[in-house]
Engineer: 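Just passing along the structure, written as structure tokens.
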Number of protein chains: 2
Amino acid sequence: MADESLPPWNPYDPDCPTRMMLDRIGDKWTVLVLGLLSAGPLRFNALRRQVPGISQKMLSQTLKDMERDGLVDRSAFATVPVTVEYTITPLGQSLAATVAQLVTWATRHADQVLAARARYQSR
Amino acid sequence: MADESLPPWNPYDPDCPTRMMLDRIGDKWTVLVLGLLSAGPLRFNALRRQVPGISQKMLSQTLKDMERDGLVDRSAFATVPVTVEYTITPLGQSLAATVAQLVTWATRHADQVLAARARYQSR
DNA sequence: CGGGATCCGATCTGATACTG
DNA sequence: CAGTATCAGATCGGATCCCG
């Protein structure tokens with residue numbers, strides 16, 4: 001009677017790919033950076049300006065992690081001073097598209113969540 | 001001259017519904033609990049057993065947050081000892097379905113991410 | 001310009017102990 | 001059984017300083 005077919009997901013161990021990606025998109029900045037880069041390549045400080053509130057440290061770290069996971073490509077040009085451009089990869093694009101669905105859900109159901117909170121509070 | 005049409009998403013302020021939900025699914029346990037409850041109601045300790053590694057504190061806190069946001073319903077029965085059952089709401093189901101897409105993405109692209117990591121490391 | 005290194009406070013999490 | 005309270009450790013994130 002239990003589902004013999006593979007369960008909806010099984011990320012009960014931290015090394016599972018599901019947990020891996022949830023952790024990534026759950027961090028404070030990855031989704032924001034991904035969204036900006038999905039519209040076109042950007043340089044470090046351009047990104048920094050377009051993500052209000054991010055620190056160099058976090059932007060740097062976020063980009064490094066995303067590059068590590070194959071979501072963005074980093075290309076440095078030996079100009080003076082150096083120019084670095086970040087480009088989203090096809091893999092990153094496909095993730096961005098998937099995350100967009102979640103954003104759509106959040107946008108569409110935000111009122112219900114807020115209503116639930118109001119109900120909960122006045123309980 | 002800025003984009004008049006609404007951008008892909010604009011969660012640049014932390015109060016935005018997008019950030020709100022990303023933070024929720026980004027936490028360590030919500031997705032796991034949501035997945036289990038999407039298959040049917042469960043009691044507190046049953047959930048605890050089926051989510052290996054979770055502490056009472058985190059399960060309790062996760063469930064409270066989910067109830068607060070209208071993702072689950074909590075019903076207590078005055079048996080001895082008390083019985084409490086958690087049930088997923090329609091809102092929670094719809095979120096679970098959306099998250100499942102992300103899980104599908106993660107499952108399908110995990111090899112690419114791991115390959116990217118291997119490439120990055122041996123660089 | 002594009003970062004790295006370091007310090008420090010805030011937050012998150014888990015282990016433990018206790019309760020109705 | 002289903003939690004709450006408290007404490008300690010780990011992690012996160014930001015500010016600052018420095019470098020090629």
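Below, read A as the first sequence line, B as the second, and so on, with proteins coming before strands; counting in each chain starts at 1.
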Engineer: What distance separates A:Arg119 CZ from B:Glu67 CD, expressed to the nearest 0.5 Å?
Structural biologist: 10.5 Å
Engineer: Only pairs under 3.5 Å count here: list side-chain donor-acceptor contacts from residues 108-116 of chain B, not counting sequence neighbours, and write none if there are none.
Structural biologist:
from	atom 1	to	atom 2	distance (Å)
B:His109	ND1	B:Trp105	O	2.9
B:His109	ND1	B:Trp105	NE1	3.4

Engineer: Take the protein atom CG of B:Asp27 and the nucleotide atom P of C:dC12, then report the distance between them rounded to whole Å.
Structural biologist: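 After rounding, the reported distance stands at 10 Å.
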Engineer: Would you indicate whether the side-chain heavy atoms of B:Leu102 and A:Val99 approach each other to under 4.5 Å?
Structural biologist: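 Side chain of A:Val99 against side chain of B:Leu102, heavy atoms only: contact under 4.5 Å found.
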Engineer: Within this structure, what is the CG-to-P distance between A:Asp65 and C:dG3, rounded to whole angstrom?
Structural biologist: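 To the nearest whole Å, that distance equals 13 Å.
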Engineer: Dump every N/O contact between nucleotides 1-10 of chain D and the protein below 3.5 Å, one line per pair.
Structural biologist:
from	atom 1	to	atom 2	distance (Å)
D:dC1	O3'	B:Arg43	NH2	3.4
D:dA2	OP1	B:Arg43	NE	3.1
D:dA2	OP1	B:Val84	N	3.2
D:dA2	OP1	B:Val84	O	3.3
D:dA2	OP2	B:Asn45	N	3.0
D:dA2	OP2	B:Asn45	ND2	3.3
D:dG3	OP1	B:Arg74	NE	3.2
D:dG3	OP1	B:Arg74	NH2	2.7
D:dG3	OP2	B:Tyr86	OH	2.5
D:dT4	OP2	B:Ser60	OG	2.7

Engineer: For the residue pair A:Trp29 and A:Thr62, what are the closest heavy atoms and their distance?
Structural biologist: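 So the minimum-distance heavy-atom pair works out to CB-OG1, 3.8 Å.
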Engineer: So, taking the atom named OG in A:Ser38 and the one named CG in A:Leu71, what distance separates them when rounded to the nearest 0.5 Å?
Structural biologist: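 Interatomic distance, A:Ser38 OG to A:Leu71 CG, rounded to 0.5 Å: 12.0 Å.
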Engineer: Note the angle between the end axes of the helix from C:dC1-D:dG20 to C:dG20-D:dC1, five pairs defining each, rounded to 10 degrees.
Structural biologist: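 Nearest ten degrees gives 40° for this helix.
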Engineer: Calculate the interatomic distance between A:Asp23 atom CG and D:dT11 atom P; express it in whole Å.
Structural biologist: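 Rounding to the nearest Å, CG of A:Asp23 and P of D:dT11 are 13 Å apart.
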Engineer: Report the distance from atom CD1 of B:Ile54 to atom P of C:dG14, rounded to the nearest whole Å.
Structural biologist: 8 Å
Engineer: Examine A:Leu63 and A:Val82 and state if one hydrophobic cluster contains both, with Ile, Leu, Val, Met, Phe, Trp and Tyr joined whenever side-chain heavy atoms are less than 4.5 Å apart.
Structural biologist: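 Looking at the clustering, A:Val82 is in the same group as A:Leu63.
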Engineer: Cut-off 3.5 Å, side chains only: do B:Asp27 and B:Thr30 have a donor facing an acceptor?
Structural biologist: yes
Engineer: Let me know the distance between CG of A:Leu59 and P of C:dG2, rounded to the nearest Å.
Structural biologist: 10 Å
Engineer: How many whole angstroms separate atom CE of B:Met58 from atom C1' of C:dT11?
Structural biologist: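 After rounding, the reported distance stands at 11 Å.
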Engineer: Could you grab the distance from atom CD of A:Gln56 to atom CG of A:Leu47, nearest 0.5 Å is fine?
Structural biologist: 13.5 Å
